[in-house]
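The structure appears below as structure tokens.
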Amino acid sequence: FVRRSQVIVCCEPLWLCILLHAALGPEKLLVRASMCLLHSFINVFGKHALDDFWPLVRAFTADAAPLGIASAAARISAEMLAFQTGMRLPYVPALSLHVKQTAVYTATLNEV
């Protein structure tokens, strides 16, 4: 399924997005960061896997900025990633402007 997909939107955990990038390349990956890079990483892989993970982060970082495949949902996530990896992701807040015309909700009396 993943290999046949035209686009993969990845958000959390962020390390999974890094692993998908390593496995599939950047061509069909869009990443939305809103958490810590290593959130639960050690719980899944253990500390010993960190040395193998950082080269994958550097490869992702090299692709993310020029291709524009990643953004940060929170300012703190953008700053944290810049500090940890040197990766400068644009901070794009979720304003829900894309749903204004198509997702109108009006409460009915029994829902209030």
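Cluster annotation: Ile42 and Leu81 are assigned to the same hydrophobic cluster (Ile/Leu/Val/Met/Phe/Trp/Tyr, side-chain heavy-atom contacts under 4.5 Å, transitive). A continuous path of hydrophobic side-chain contacts links Val57 to Leu50 [ILVMFWY only; heavy atoms under 4.5 Å]. In the hydrophobic clustering of this structure, Leu67 groups with Met87; members are Ile, Leu, Val, Met, Phe, Trp, Tyr whose side-chain heavy atoms approach within less than 4.5 Å, directly or through other members. Note on Val44: it clusters hydrophobically with Leu16, by side-chain heavy-atom contacts below 4.5 Å among ILVMFWY residues.
Between Leu38 atom CG and Asn43 atom CG the span is 11.0 Å, to the nearest 0.5 Å. Rounding to the nearest 0.5 Å gives a distance of 13.5 Å between CD1 of Ile69 and NZ of Lys28. Summarising the geometry, atom CZ belonging to Phe53 is positioned 11.0 Å from atom CZ belonging to Arg58; distances are rounded to the nearest 0.5 Å. Taken to the nearest 0.5 Å, the CE atom of Met35 stands 9.5 Å off from the SG atom of Cys11. To the nearest 0.5 Å, atoms CG (Leu56) and SG (Cys17) are separated by 13.0 Å. Note that the OG1 atom of Thr61 and the CZ atom of Arg88 stand 12.0 Å from one another [nearest 0.5 Å].
Heavy atoms only, all atoms of each residue included: Cys36 and Leu14 are closest at O-CB, 4.3 Å. Residues Ser5 and Ile8 come closest through the heavy atom pair CB-CG1, 4.1 Å. Minimum heavy-atom separation, Trp15 to Leu37: CD1-O, 3.4 Å. Contact record, Ser71 with Arg32: OG-NH1, 3.0 Å, taken as the closest heavy-atom pair. Residues Leu89 and Ala72 approach most closely at CB-N, 4.1 Å, considering heavy atoms. Of all the heavy atoms in Val31 and Leu29, the pair that sits closest is CG2-CG, 3.9 Å.
Partner of Phe60 under the side chain to side chain contact (heavy atoms under 4.5 Å, CB included) criterion, out of Leu19, Ile18, Leu20: Ile18 alone.
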